[in-house]
Every structure is written in structure tokens, then in C-alpha cells.
Amino acid sequence: MLDVRRVRSELDVLKAGLARKGVDPRELDRLAEIDGRHRRLAEQRDTLRAQVKQVSKEVGRLRQAGDLEGVEARMAWSRQVGERERALAVQADEAGAELRDLLLRIPNVPAEDAPDGAGEDDNVVVRHAGPDPEAYAEHQRVPHWEVGAALGILDLERGAKVSGSMFPLFRGAGARLLRALTSWALERHADAFEEVRPPSLVRTAAMVASGQLPKFADEAYHLERDDLWAIPTAEVPLTSVAAGEILAEAELPMRLTAATPCFRREAGAAGRDTRGLIRVHEFDKVEILAYATPDQAPALLGELLERAEALVVELGLAYRVLDICTGDLGQSHARSFDIEVYAPGSGLWLEVSSVSWFSDYQARRADIRYRRRGDGKVEHVHTLNGSALAWPRIWAALVETGRQPDGTVAVPGALAPWFAGATTIGSAL
RNA sequence: GGAGGGAUGGCAGAGCGGCCGAAUGCGGAGGUCUUGAAAACCUCUGGGCGUGAGCCCCGCGGGUUCGAAUCCCGCUCCCUCCGCCA
């Protein structure tokens, strides 16, 4: 969430910044109004409270001295003031709750250098590598759901039987391919990232901290009986690892990586891209995440993007990198880059990674701070994260790109250690 | 799931309803001394809100009271034992 103090000191700057995300400036006026009301009430409450405290101390003293009349008089007075104090406290709390609720819904300010734009059509392609979409051969023009069914490595019907549509079931070499991707990616990040295996079910507080709640509750699976949420991404548990803590600057940047299942209801996307693996309710993903000082953040954003990109390159996929425009940035995001791979059989660019910088927006929600080395001051960290990578869409692109004239699929060289000598899927395995 | 015990500052650990935002020890920072270091001694050392007076925070949320770290209720987490279990 935003720093309320900025609402007081640089309201116009915030309005201008958030206007780039399409936020109505009147939202901020409302925020300023509630903040002012809250502060006035709190001040009045504190004044009364100070009086009660002072008089209460006198009561103690007078009782020691044996002045029972003085005690009675002050207790009566204090009772009255206390009543007014409680009434004001209720009002102040209401205003405080309203303020917090609004604050949790107002998006992060985009970074200066994020490109302007209204929506996804205005995202900027900053890099493009690999064959052009037209350059693929005819045998690569088969969609992955057909390739997968023909080779017996993807069984969407059985997945649907067990859990419903958009719950894929991988078999044989198809399942092995997913496992290989996860192991390989974790090992590729092991040089600088601590591997974590976090819980996949989290408390409401964790969902609020990273920004999924309160706004996007419909997108997440909620286990009502236990009041737990199925994580939509490892970002959620990893961001809350340091929640409520004050880290030492020497610990930063703290880099974490995790492979987890991800669950998404896709409530807003009913009927769109439902074919094959393009949009599913459950998928596996390796996430990389960092806590950093504000100074470290820009370099880390580049580092995370490089890592995600390197994986796509090693898998031999055509891809492009998009600089996400202000109108398409997520609520918590200050800056994001997406990586899309080309799937020649489906004829689609598929988003397989989103690398983002959240400035101190998530850290404020999660209350993650660090103590500066020099002056010992405490301030919020910056958080950054990225997928590296999301596997079902990679699986789709890999199967389509690697399809050979005989219908088998070539195993990417990077994954050879997991395929026991086999170089193709479909023949031997 | 059942029974009991616990939660206090970076850590350990005191705390009678009022003089407790909190003793003491350790740790950390600075200083004196020293050629340097150690030891010793001295000082400082939680977070948040507020322009300020001041206010809030002793796991979290309520309550009792003139006044709550301290009493009452609910919740969470940790430990021990029993049950169940991959």
C-alpha cells in the first residue's frame, strides 16, 4: 500500500502517477479526506486519554496520602472524561478502518520509466529472439493437445474426469518432462537463490500482504472450513516469509526460489483460451524472489529478468520480452516485464514469465523492514519477483516446437539428464 | 481430536492493579585506558503515530477498572503427554 504521509505531502504527484494507471484522482481526494478526519479524531482522543492517565496517577498518590475525598472527586471526573474518550476512540477506529480499507485497494504508483499505455495492446516489445512465427515447418504446426493425445503424454479427458476442465493430467514422458523442468530450473538458480518449499495453503494475511486480497478474492480458491487460501503463485508465501520482521542490511538482497503448485479460479476468463494447457486451474511454477534495499532493486529487476530469459533461451524457444505499460500493470506492480514464448502449433504467444518490481508496496502491507547500515534507520524493503518459469505453457511450446516429421518430440538438451539417454518423446519411452 | 504448561526488548530472564515502555544479565555501538589487543570502567542501545504537548505497542482481539504487562473472556502460536496418521 501507499505511504499515507505521501498523501499529505505530495498528493498531486500521487494523482499524476496513478492517473497513468487509470486511477480516478477523486479516489485520492477521498483518501486525503478520510486521513484528515482520522487524524483529527485521534488527536482529540489522545488529549482526553492523556488527562485520564494523569488523573489516574493522582488517584494513586492521594490514596497513599489518605485523602479519600480527593480520590473520590478525581475518580468521578475521570469516569466522565473516560466516557467521552471511549466515544471518540470508537469514531477514530472507524475512520482508521475505513482508511486502511481504501489504502489496501489503491494500486501502486508505476515507475517513472514504465511505458504509458491504456492496456495490453500498448505493451512494448523490447527484445525478440528465435525464429519468426512464419518460419516454422509444417510438422511443427500441430497444437500441443493433439500432440499430447497422440503420444499419450497429456490426458485432458481424464484430468477433467477427476477434477473438471482446465485441470490437466500429464502421463509418462509428459509428466517426466514437467518434473525435469522443475528440477532443472531449481538447479539453475541454486548459485544465488536459497531453495524454499513453502506451504501451498496460506492465511488471509499472506494473501493481503502480496496484494491478492481484498480486491481479487474471486480469483483464488478459498477453503472455507479452515479459512485458508490455495496459493495462486509462490510469490504469496515467499513474500510473507519475512513479514513483520526487521532485517539487517547485510542480509539484503535476500534471494529465494521455490517450486510450487499454483491455483487460479480464472473466474474472469470463462471461455477464453480454454483449449489445451493455455489456461488451467492448477499448474506448477518455479518462482524467484528477492527482498532488497531501494538502491539494490533496479539491478535485481534486471537480474531476475536475465535469469528467466536465460531459461527460455536454453530450452531453444522463440520468445519476446514485453515492457508492460502503465495501463496493464498489476495493482501491486511498479514495473513489469513479461516473457512470451511462441507456440507454433497453437499459433500463439504465451506468457510464461512475469518479472516485477513492487517498490515498497508489498513490504508496507507485509510490514517488512530493514535497518540501514550507516545511520541505523529502519525503512521498508523493496520486493521483486519473477516466474522462472511457469511450466504448462512451456510444455506446450516445447512439444509444438520440438515436434519432428515422424510425430515424435525432441527432448531439449538441457533436460537430457532426466531422460536417461532418450532424445525423443514418443518412440522409446 | 483430548489434557496440561507457556508467549515480556536482538537473546536470556524479572515483573505487587498505580512511581513499568518495563529490573538484571548477555549481545551490539561509542568512549577512557593501551604501542596494539584483551581485561576493566563509563555512556548509549526496541518499534510506530503526531509539527508539538503527547499517544500507542509486553503474542492478537475484546472486557473489567479512575488506572491493566499484571484480573476476566475469545483467538493464534509454541512446548509436554495421550489418540490418530504419510
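Per chain, numbering begins at 1; letters A, B, ... match sequence-line order.
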Nearest to the side chain of [X], which nucleotide is it out of [options]?
X: A:Val59; options: B:rG18, B:rG47, B:rG67; answer: B:rG18
X: A:Val378; options: B:rC66, B:rC55, B:rG47; answer: B:rG47
X: A:Arg39; options: B:rU51, B:rA53, B:rC56; answer: B:rU51

If pairing requires Watson-Crick or G-U wobble contacts with both distances under 3.5 Å, which nucleotide is the partner of [N]?
N: B:rC20; result: none
N: B:rA86; result: none
N: B:rG4; result: B:rC79
N: B:rA53; result: none
N: B:rU43; result: B:rA29

Fill in: Contact nearer the 5' end of RNA chain B, comparing A:Gln64 with A:Ala76
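Looking at RNA chain B, the more 5' nearest nucleotide goes with A:Gln64.
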Item to complete: Find which nucleotide of RNA chain B each of A:Arg86 and A:Ser56 is nearest to by heavy atoms, and output the residue with the more 5' nucleotide.
Response: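 Final value for this comparison: A:Ser56.
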Worksheet item: Looking across every strand, which nucleic acid part, if any, lies under 4.0 Å from A:Glu43 by heavy atom: base, sugar-phosphate, or nothing?
Response: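 Base contact.
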Practice prompt. Could you check whether A:Arg74 gets within reach of a base, just the sugar-phosphate, or nothing at all, counting any heavy atom under 4.0 Å?
Written response: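 No contact.
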Please measure how far the [atom1] atom in [N] lies from the corresponding atom in [M], and state the result in whole Å.
N: B:rC56; M: B:rU8; atom1: P; result: 22 Å
N: B:rA23; M: B:rA14; atom1: C1'; result: 6 Å
N: B:rU76; M: B:rU43; atom1: C1'; result: 41 Å
N: B:rG25; M: B:rG36; atom1: C1'; result: 30 Å
N: B:rG13; M: B:rG63; atom1: P; result: 33 Å
N: B:rC66; M: B:rC73; atom1: C1'; result: 23 Å
N: B:rA86; M: B:rC75; atom1: P; result: 30 Å

[Y] and [X] side chains, donor-acceptor separation under 3.5 Å:
X: A:Ser346; Y: A:Glu400; answer: yes
X: A:Glu235; Y: A:Ser210; answer: no
X: A:Trp357; Y: A:His382; answer: yes
X: A:Glu379; Y: A:Tyr370; answer: yes

How long is the line joining [atom1] of [X] and [atom2] of [N], in whole Å?
X: A:Glu72; N: B:rU65; atom1: CD; atom2: C1'; result: 13 Å
X: A:Asp93; N: B:rG62; atom1: CG; atom2: C1'; result: 12 Å
X: A:Arg40; N: B:rC49; atom1: CZ; atom2: C1'; result: 17 Å
X: A:Arg63; N: B:rC19; atom1: CZ; atom2: P; result: 14 Å
X: A:Leu68; N: B:rC66; atom1: CG; atom2: C1'; result: 14 Å
X: A:Glu83; N: B:rU64; atom1: CD; atom2: P; result: 11 Å
X: A:Ile246; N: B:rC11; atom1: CD1; atom2: P; result: 11 Å
X: A:Glu245; N: B:rG9; atom1: CD; atom2: P; result: 14 Å

For [N], take OP1 and OP2 only and decide whether either is under 4.0 Å from a side-chain N or O of [X].
X: A:Lys57; N: B:rG17; result: no
X: A:Arg79; N: B:rG67; result: no
X: A:Arg371; N: B:rG47; result: yes
X: A:Arg203; N: B:rC77; result: yes

Worksheet item: For residues 90-115 of chain A, which residue pairs qualify under side-chain hydrogen bond (donor to acceptor under 3.5 Å, both in side chains), counting only residues two or more places apart or in two chains?
Response: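 As it turns out, the side-chain hydrogen bond (donor to acceptor under 3.5 Å, both in side chains) pairs with a partner in residues 90-115 of chain A, which skip direct neighbours, are A:Asn108-A:Ser359, A:Asp113-A:Arg335.
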Discussion item. Around atom CZ of A:Arg197, are there more than 12 heavy atoms from other residues, nucleotides or ligands closer than 6.0 Å?
Written reply: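 Yes, the 6.0 Å shell around CZ holds more than 12 heavy atoms from other groups.
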Worksheet entry | Pair A:Lys161 + A:Glu157: basic N to acidic O under 4.0 Å |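 Looking at A:Lys161 and A:Glu157, the cut-off is not met.
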